[in-house]
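Take a look at the structure below.
In the text below, chain A, chain B and the rest are named by the order of the sequence lines, each starting its count at 1.
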There are 2 protein chains.
Amino acid sequence: MMVKPKNSPICPITAALDVLGGKWKVFILSYLAEHGTLRFGELKRLIPKVTQKMLAQQLKELEEAGLVNRRVYAQVPPKVEYRLTAHGQTLCPVLRSLREWGYLHREKLGAEEVTCPEVSAEKLIAVE
Amino acid sequence: MMVKPKNSPICPITAALDVLGGKWKVFILSYLAEHGTLRFGELKRLIPKVTQKMLAQQLKELEEAGLVNRRVYAQVPPKVEYRLTAHGQTLCPVLRSLREWGYLHREKLGAEEVTCPEVSAEKLIAVE
DNA sequence: TAATGCAGGTACCTTTTTGAAACTATTGAT
DNA sequence: ATCAATAGTTTCAAAAAGGTACCTGCATTA
């Protein structure tokens, strides 16, 4: 996580990356945007490679950032639900466009594997 | 950088984060989107906190990912220009929406500093 | 009485990332 | 002969991030 230089006007990109810059945060936010409400274990199953520790940690940071809401039910075994806060919902367009681009980029990757490795015109050296 | 599990269909988010997930990449891409063409030193000045090493490394990775084009002029002292490739340009909407959200989020942060620290309604414990 | 399910917490360790500082190459200007 | 300018690279060390394995609490169920 980037440290916020307190009392200095930070650029918008920094402000965004400060709260989104964990290894799993965008995944978590994406799934919450898609499913609305998810329990801890459901998120864990949706993101198989995340460890319990990391999932808990990233969720806590997202909660502290005001993007995710944590609702604890007073029952045993425990039940905790996560959802986007109103402010978290404002991320949906960003998440959508990122996801869309990822889709596009993945297509591009797949396409490049089959084309012959010709030198792209952009690699040529320019002489002034 | 996340490792791409070769020959396994990766989700779009992973595909995107694989190439965008460096500490400085989004900054670099943003500035290139904004300015069109930038030399190494210009980028360095635009992002004061990045070190030479990191800037060079992230640029190299962006180039390898096909998002950034590197043009070397055969002159001394060296002159190298960076710009977005066509594929890199497809990121512009993503960068724009991220930047816009960052702007919004920064406003929110500023607003919270002055409001009294009341317990948000979302913090209440639910009982089923 | 013991095991089960859920949502974590924690200590310890390894890996990855990042930073600081010095070094390189080349040529024209002083 | 030396310096300046640009775009890096290299080495070593520090810091951050991440993973593993194990621990907790407690009502319910077998």
Side-chain angles (χ1 to χ4, degrees), chain A residues 1-5 14 17-28 31-32 37-65 68-83 123 125-128, chain B residues 1-5 14 17-28 31-32 37-65 68-83 123 125-128:
Chain A
M1 285 264 293
M2 214 170 278
V3 179
K4 181 180 82 176
T14 304
L17 264 41
D18 262 2
V19 289
L20 302 180
K23 190 170 179 181
W24 306 104
K25 289 189 186 156
V26 176
F27 290 96
I28 294 172
Y31 280 118
L32 289 179
T37 296
L38 287 171
R39 299 181 57 175
F40 185 89
E42 293 175 320
L43 272 167
K44 177 78 186 62
R45 274 185 289 280
L46 285 169
I47 316 174
K49 295 198 207 166
V50 78
T51 60
Q52 275 197 176
K53 173 188 152 188
M54 287 312 295
L55 182 54
Q57 176 190 306
Q58 305 268 297
L59 279 168
K60 193 187 291 182
E61 290 175 10
L62 287 172
E63 198 199 347
E64 281 161 7
V68 163
N69 165 245
R70 180 169 181 270
R71 170 170 298 202
V72 181
Y73 290 83
Q75 62 183 52
V76 167
K79 175 176 173 184
V80 180
E81 282 181 350
Y82 293 92
R83 68 179 63 199
K123 274 243 167 165
I125 292 178
V127 182
E128 204 173 23
Chain B
M1 286 264 292
M2 212 170 280
V3 179
K4 182 180 84 177
T14 303
L17 264 40
D18 264 0
V19 289
L20 302 181
K23 190 172 180 181
W24 306 104
K25 290 188 186 159
V26 176
F27 291 94
I28 295 171
Y31 281 118
L32 290 179
T37 296
L38 288 170
R39 298 179 59 174
F40 186 88
E42 293 175 318
L43 271 167
K44 177 78 186 63
R45 275 185 289 279
L46 285 169
I47 316 175
K49 295 199 208 167
V50 78
T51 60
Q52 277 198 176
K53 174 188 146 189
M54 286 310 296
L55 182 54
Q57 176 192 306
Q58 305 268 297
L59 279 167
K60 193 188 291 183
E61 289 175 11
L62 287 172
E63 197 198 349
E64 281 162 7
V68 163
N69 164 245
R70 180 171 181 269
R71 170 171 298 201
V72 181
Y73 291 82
Q75 61 182 54
V76 167
K79 174 175 174 185
V80 180
E81 282 180 348
Y82 294 92
R83 69 178 64 201
K123 274 239 165 167
I125 292 177
V127 182
E128 206 177 22

Minimal heavy-atom distance between Thr37(A) and Glu42(A), with the atoms involved, is O-OE1, 4.3 Å

Taken to the nearest whole Å, CZ/Arg70(B) to C1'/dT6(D) is 12 Å

Overall bend of the helix from dT1(C)-dA30(D) to dT30(C)-dA1(D) (five pairs an end, 10° steps) is 30°

Report the C-alpha distance between Leu55(B) and Phe40(B) in whole Å, list the side-chain angles of each, state the deciding distance to 0.1 Å, and finish with yes or no for side chain to side chain contact (heavy atoms under 4.5 Å, CB included).
-> CA-CA 8 Å; Leu55(B) 182 54; Phe40(B) 186 88; 3.8 Å; yes

Inset, instruction - May I ask you to say what Lys53(A) touches in the nucleic acid, namely base, sugar-phosphate or nothing, with a heavy-atom cut-off under 4.0 Å? - result: base

So CZ of Phe27(A) and CG of Leu43(A): to nearest 0.5 Å the spacing works out to 12.5 Å

From CG of Leu43(B) across to C1' of dG8(D) the rounded distance in Å is 14 Å

Is any side-chain nitrogen or oxygen of Arg39(B) closer than 4.0 Å to OP1 or OP2 of dT6(D)?
no

Taken to the nearest whole Å, CD/Glu42(B) to C1'/dA5(D) is 14 Å

Taking every heavy atom of Leu32(B) against every heavy atom of Val68(B), the minimum-distance pair comes out as CD1-CG2, 3.8 Å

Atom CZ of Arg45(B) and atom C1' of dA7(D) are separated, to the nearest Å, by 12 Å

The residue, Gln58(A) or Pro77(A), whose nearest nucleotide of DNA chain D is more 5′ is Gln58(A)

Checking dA7(C), dA7(D), dG8(C) against the side chain of Ala56(A) (C-beta onward), the nearest is dG8(C)

Between the NZ atom in Lys25(B) and the CG atom in Leu17(B), the distance rounded to the nearest 0.5 Å is 10.5 Å

note: Gln75(B), atom CD; dA4(D), atom P; distance rounded to Å ~ 21 Å

Closest to the side chain of Thr51(B), out of dG9(C), dA20(C), dC6(C), is dA20(C)

Here the gap from Arg39(A) atom CZ to Lys44(A) atom NZ, rounded to the nearest 0.5 Å, amounts to 15.0 Å

Met54(A) atom CE is separated from dT15(C) atom P, nearest whole Å, by 17 Å

In whole angstroms, the gap separating P of dT6(D) from NZ of Lys44(B) amounts to 13 Å

With the side chain defined as heavy atoms from C-beta on, Gln52(B) is closest, among dT9(D), dG19(D), dG5(C), to dT9(D)

Closest of dG9(C), dA7(D), dG19(D) to the Phe40(B) side chain is dA7(D)

Walking DNA chain D from its 5' end, the first of Gln57(A) and Val76(A) to be reached, judged by nearest nucleotide, is Gln57(A)

Query raised in the report: So, is Tyr73(B) near the phosphate of dT26(C), with a side-chain N or O under 4.0 Å from OP1 or OP2?
Result: no

In whole angstroms, the gap separating P of dA15(D) from NZ of Lys23(B) amounts to 13 Å

d(Tyr31(A) OH, Ile47(A) CD1) to nearest 0.5 Å is 6.0 Å

